[in-house]
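Keep in mind that this is a model prediction, so the values were computed, not measured.
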Amino acid sequence: MSPITIVEGRRLSLTNLHKVIYPQTGTTKGEVVHYCTVTADPLLAHLHDRPLSFLRYPDGPDGQRFFTKNVPPGAPAWVQTCEVPHTSSGPTRQVLVQDLPSLVWAANLVVELHAPQWTSGAPGCADRLVLDLDPGDPATIVECCAAAQWLHERLAADGLEVHAKTSGAKGLHLLVPIEPTPSERATAYARSLAVEAAKALPDLVVHKMTRALRPGKVFIDFSQNAAAKTTAVAYTLRARALPTVSTPVTWDEIAACTEPAQLAFRFEDIAPRLARHGDLHAPLLDPARARPLPGDGRR
């Protein structure tokens with residue numbers, strides 16, 4: 001029988017805890033679940049009220065992987081959900097991970113956690129802007145750091161505060177707290193930044209997804225601001241060969257990065273970083289830090 005665990009009064013059946021999920025490091029499912037519990041405070045803060053999409057990889061990154069936005073079959077009745085509108089297929093229900101029992105339940109499924117740039121109370125109304133910096137081989141996160149520094153200065157010129165994290169894969173995510181604005185407006189502004197960056201840094205940056213343009217350059221993906229799109233949340237484990245984590249980083253770390261390994265963080269690195277830095281993305285959770293996009297009114 002699967003062990004029954006009581007988490008804050010909720011009964012959970014945790015399965016196959018000794019199963020190796022990351023063969024290269026021998027990391028087990030039990031360690032994945034444990035990581036989520038010890039990182040629960042900042043992880044839950046960034047998940048709060050955001051309808052989740054799951055990239056499930058129950059047999060590890062080399063096994064079957066599948067992306068789902070619908071509530072997984074067998075979800076406990078106490079896991080909160082919300083209705084999410086979709087223009088083409090009609091409304092669906094998605095999971096809200098609002099508490100520790102729900103987080104442990106999700107971790108037992110072995111998932112990457114992805115969220116939109118809006119909350120369940122205001123679908124399609126973005127309260128943050130995201131720029132996904134994706135390097136095309138042989139470019140690496142080092143080149144992403146160079147592009148990120150240009151974008152940091154450019155966004156600051158518009159009065160916007162920027163926070164960076166590793167994607168947990170190859171690149172960087174830049175996030176900006178903004179006063180609520182339609183996702184279409186956020187996407188248009190993000191696209192304008194990407195186009196401007198490509199003109200200013202033609203040997204480094206591209207703003208088009210065309211694969212032939214991307215080798216050796218950094219693609220600035222602005223499309224994740226669309227209401228239907230999602231981005232890996234801060235502190236989520238990724239379905240990669242190693243148990244890497246999408247990790248908030250400082251601008252000093254970005255400026256000092258000369259080797260990809262300097263900004264590659266595994267799940268065991270996160271607790272020491274939180275002890276040293278706290279949650280570097282906590283400002284994203286403070287409505288007082290949000291600023292309007294240019295052209296959205298008050299400056």
Side-chain angles (χ1 to χ4, degrees), residues 21-25 27-29 31-47 50 52-58 60-63 65-67 97 103 106-107 109-117 128 130-137 139-145 147-148 162-175 218-221 223-224 229-251 253-254 257 259-274 276-277 279-282 284:
I21 300 297
Y22 294 93
Q24 287 195 30
T25 56
T27 303
T28 66
K29 184 176 175 181
E31 290 174 293
V32 167
V33 173
H34 178 71
Y35 164 76
C36 289
T37 63
V38 300
T39 318
D41 285 349
L43 190 49
L44 285 170
H46 292 289
L47 295 173
R50 296 189 187 269
L52 293 183
S53 300
F54 296 145
L55 176 63
R56 297 183 61 180
Y57 56 112
D62 295 328
R65 299 189 293 180
F66 49 100
F67 201 76
V97 169
L103 180 60
L109 298 177
V110 188
V111 293
E112 287 184 1
L113 301 165
H114 293 247
Q117 310 314 314
R128 59 182 59 173
V130 62
L131 295 167
D132 180 0
L133 279 54
D134 184 14
D137 292 335
T140 67
I141 199 170
V142 176
E143 285 74 23
C144 291
C145 288
V162 194
H163 302 274
K165 65 182 179 73
T166 68
S167 67
K170 299 185 297 179
L172 284 175
H173 294 157
L174 305 184
L175 293 106
V218 176
F219 169 51
I220 300 179
D221 185 357
S223 70
Q224 291 182 34
K229 294 291 189 73
T230 60
T231 304
V233 301
Y235 304 107
T236 187
L237 273 159
R238 302 303 304 267
R240 309 288 294 182
L242 301 172
T244 54
V245 170
S246 186
T247 306
V249 293
T250 69
W251 285 103
E253 288 177 308
I254 287 174
C257 181
E259 296 289 339
Q262 293 172 296
L263 291 182
F265 302 104
R266 301 185 191 180
F267 76 116
E268 67 267 22
D269 298 319
I270 303 306
R273 285 185 63 81
L274 286 169
R276 183 163 62 253
H277 298 296
D279 177 13
L280 291 169
H281 276 201
L284 290 168

Task: D62 and Y57: side chain donor to acceptor below 3.5 Å - done: no
- [ ] Determine whether D134 and D221 make a side-chain contact, defined as any pair of heavy atoms from C-beta on separated by less than 4.5 Å.
- [x] no
Task: Min side-chain heavy-atom separation R273-T247 under 4.5 Å - done: yes
Open item on the list: For L103 versus C36, what's the shortest heavy-atom pair and its separation?
Closed with: CD2-O, 3.4 Å
Open item on the list: Could you check whether any side-chain N or O of R65 sits under 3.5 Å from a backbone N or O of A239, counting only pairs where one atom can act as donor and the other as acceptor?
Closed with: yes
Task: Sub-4.5 Å side-chain heavy-atom contact between V32 and P243 - done: no
TODO: Answer yes or no: is there an ion pair linking E112 with R240, defined by an N-O contact shorter than 4.0 Å?
DONE: no
Task: Distance in Å, L237 CG paired with L55 CG, rounded so as to fall on 0.5 Å steps - done: 12.0 Å
Open item on the list: Evaluate V162 against L174 for side-chain contact (heavy atoms from CB on, under 4.5 Å), listing each step before the verdict.
Closed with: CA-CA 6 Å; V162 194; L174 305 184; 3.9 Å; yes
- [ ] Please report the shortest heavy-atom distance between A148 and L172, naming the atom on each side.
- [x] CB-CD1, 3.9 Å
Open item on the list: I'd like to know if the side chain of T39 reaches the main chain of Y35, judged simply by a donor and an acceptor atom lying under 3.5 Å from each other, with no hydrogens or angles considered.
Closed with: yes
Task: Considering all heavy atoms, the nearest A241-Q24 contact - done: CB-NE2, 3.5 Å
Task: Spacing of CZ belonging to R276 relative to OG1 belonging to T250, to within rounding of 0.5 Å - done: 9.5 Å
- [ ] Take H277 and L280 through the side-chain contact (heavy atoms from CB on, under 4.5 Å) test and state the conclusion after the steps.
- [x] CA-CA 7 Å; H277 298 296; L280 291 169; 3.9 Å; yes
Task: Main-chain N/O of A164 paired with W251 side-chain donor or acceptor, under 3.5 Å - done: no
- [ ] Search all heavy atoms of V218 against all heavy atoms of A147 and return the closest pair with its distance.
- [x] CG1-CB, 4.3 Å
Open item on the list: Check whether T244 reaches the backbone of G168 with its side chain - one donor and one acceptor, N or O, closer than 3.5 Å.
Closed with: yes
Open item on the list: Assess the residue pair T28 and Y22 against the criterion (side-chain contact (heavy atoms from CB on, under 4.5 Å)); give the C-alpha distance rounded to whole Å, side-chain angles, the decisive distance to 0.1 Å, and a yes or no.
Closed with: CA-CA 7 Å; T28 66; Y22 294 93; over 6 Å; no
Using distance only, find each side-chain donor-acceptor pair of residues 265-272 under 3.5 Å and give its atom names and separation, not counting sequence neighbours.
unit_1: D269; atom_1: OD2; unit_2: R266; atom_2: N; d: 2.8

Task: Residues that S246 engages under side-chain hydrogen bond (donor to acceptor under 3.5 Å, both in side chains), provided they are two or more places apart - done: K165
Task: Aromatic plane relationship, H46 with H281 - under 30° parallel, 30 to 60° tilted, over 60° perpendicular - done: perpendicular
Task: Test side-chain contact (heavy atoms from CB on, under 4.5 Å) applied to I141 and T166, step by step - done: CA-CA 9 Å; I141 199 170; T166 68; 4.2 Å; yes
Task: Approximate separation, where rounding is to 0.5 Å, of K229 NZ and D132 CG - done: 10.0 Å
Open item on the list: Does either side chain, that of T231 or that of Q224, offer a donor lying less than 3.5 Å from an acceptor on the other one?
Closed with: yes
Task: Donor-acceptor under 3.5 Å (T236 side chain, L113 main chain) - done: yes
Task: Non-hydrogen side-chain atoms of R128 and L284 separated by less than 4.5 Å - done: yes
- [ ] For residues F219 and C144, determine if any side-chain heavy atom of one lies less than 4.5 Å from a side-chain heavy atom of the other.
- [x] no
Open item on the list: If you compare all heavy atoms of P135 against all heavy atoms of G171, which two are closest, and at what distance to 0.1 Å?
Closed with: CD-CA, 3.8 Å
Open item on the list: Testing the basics here: between D279 and P248, what is the closest heavy-atom pair and its distance to 0.1 Å?
Closed with: OD1-CG, 4.5 Å
TODO: Decide yes or no for F67 and T230: does some side-chain heavy atom of the first lie under 4.5 Å from some side-chain heavy atom of the second?
DONE: yes
